[in-house]
There are 2 protein chains.
Amino acid sequence: MAVSVVSSGSVSNNSAESLCPYRLVLEHLTSRWGVLVLIELLEGPRRFGELRRAVGRVSEKMLTQTLQTLERDGMVHRDAKPVIPPRVDYSLTELGHEAATQVRALGRWTQARMDDVAQARARYDAAKTPA
Amino acid sequence: MAVSVVSSGSVSNNSAESLCPYRLVLEHLTSRWGVLVLIELLEGPRRFGELRRAVGRVSEKMLTQTLQTLERDGMVHRDAKPVIPPRVDYSLTELGHEAATQVRALGRWTQARMDDVAQARARYDAAKTPA
DNA sequence: CGGTATCCAAAAGGATACTG
DNA sequence: CAGTATCCTTTTGGATACCG
């Protein structure tokens, strides 16, 4: 009856605030900036500034936060070189590589299906606004 | 240089507010309640109240919003029976079934890897708080 | 039952300034 | 360069009340 990823039921009712732990990790992987960081890192190691430019419009705060979360979850490896000026390289761990590959697959699937989505929306909107 | 899901680069810089369209759809699929609804519907059609109980602690507002978004994107089919009291069945479209399958796969992978994540976190936290 | 509408609290997110 | 700290705006989400 309830939603579970593993068996046929039960979401493992998230009491109040905290959802089941895996849900939190999943949200990190699929978060707005997490997705883009993972996909970019799939191309190879990147410096902080490179990621910033690659991702587009991220504030330093959010990129930092995203990277720290992914590092803590064991998805991203942070290599800070003790030089002046500072140089920090980020790369995927093996775990992160597995995750990123799946995230990218879902992203690609979505892109490939955007025409279907657009058509569905057109139908939906037309039905809603017949006037 | 920039993150793209399709080629080797470019996130397709999201100018300001709106991200590229596919990113929005991806966020619908991977949203807090979207994930749980898709996974539950993979088990079969569900009524509004059934989904509400299965997902756990969702407000009516959020479940309605989630279902409407997924319906508009063509992932979910809504079948409202004209009876008293009202009865509405939700089910996955073919598109939604494809999406849900991938979402569930990512969810399952995450669950299967939770031990690795926990260990990574323990290491990270230990390194941060050596005192 | 299956919603919609409104209001309010909480969290996410960005701009700016500053540091090692 | 790669952050951290602070402030403020925007978005998200829940509680409540009401409707068909």
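In what follows, every chain begins at residue 1, and chains take the letters A, B, ... in the order their sequences are listed.
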Nearest to side-chain heavy atoms of [X], which nucleotide of [options]:
| X | options | value |
| --- | --- | --- |
| B/F48 | C/dG3, D/dG3, C/dG13 | C/dG3 |
| B/P85 | C/dC1, C/dG13, D/dC1 | C/dC1 |
| B/K61 | D/dG13, D/dG20, C/dG14 | D/dG13 |
| A/Q68 | D/dA2, D/dT4, C/dG3 | D/dT4 |

Take the protein atom [atom1] of [X] and the nucleotide atom [atom2] of [N], then report the distance between them rounded to whole Å.
| X | N | atom1 | atom2 | result |
| --- | --- | --- | --- | --- |
| A/D79 | D/dA2 | CG | C1' | 14 Å |
| A/R32 | C/dG14 | CZ | P | 5 Å |
| A/E71 | D/dA2 | CD | C1' | 14 Å |
| B/I84 | D/dC19 | CD1 | P | 16 Å |
| B/M62 | C/dT4 | CE | C1' | 15 Å |
| A/L24 | C/dA11 | CG | C1' | 14 Å |
| B/L67 | C/dC1 | CG | P | 17 Å |
| A/E60 | D/dA2 | CD | C1' | 8 Å |

Self-check item: B/T110 side-chain N/O to A/Y22 backbone N/O, donor-acceptor pair under 3.5 Å
Solution: no
Quiz item: Just by modelled atom types, is the B/G74 backbone N or O under 3.5 Å from a matching donor or acceptor in the B/T93 side chain?
Solution: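 Here the side-chain-to-backbone pair exists.
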Quiz item: Is the closest side-chain donor-acceptor distance between A/Y90 and A/R78 under 3.5 Å?
Solution: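 Present: a donor and an acceptor within the cut-off.
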Exercise. Report yes if at least one side-chain N or O of B/R47 is closer than 4.0 Å to OP1 or OP2 of C/dG2; otherwise report no.
Key: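 So the side-chain polar atoms of B/R47 do come within 4.0 Å of the phosphate oxygens OP1 or OP2 of C/dG2, strictly under.
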Quiz item: Is the shortest side-chain N/O distance from A/Y90 to OP1 or OP2 of D/dG3 below 4.0 Å?
Solution: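 It does, given that an N or O in the side chain of A/Y90 lies less than 4.0 Å from OP1 or OP2 of D/dG3.
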Quiz item: So how far is it from B/Q68 CD to B/D73 CG, rounded to the nearest 0.5 Å?
Solution: 12.0 Å
Quiz item: On DNA chain D, nearest-nucleotide positions of A/R78 versus B/Q65: which is more 5'?
Solution: A/R78
Quiz item: For A/F48 and A/E60, which heavy atoms make the closest approach, and how far apart are they?
Solution: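 Of all heavy-atom pairs spanning A/F48 and A/E60, the closest is CZ-O, 4.1 Å.
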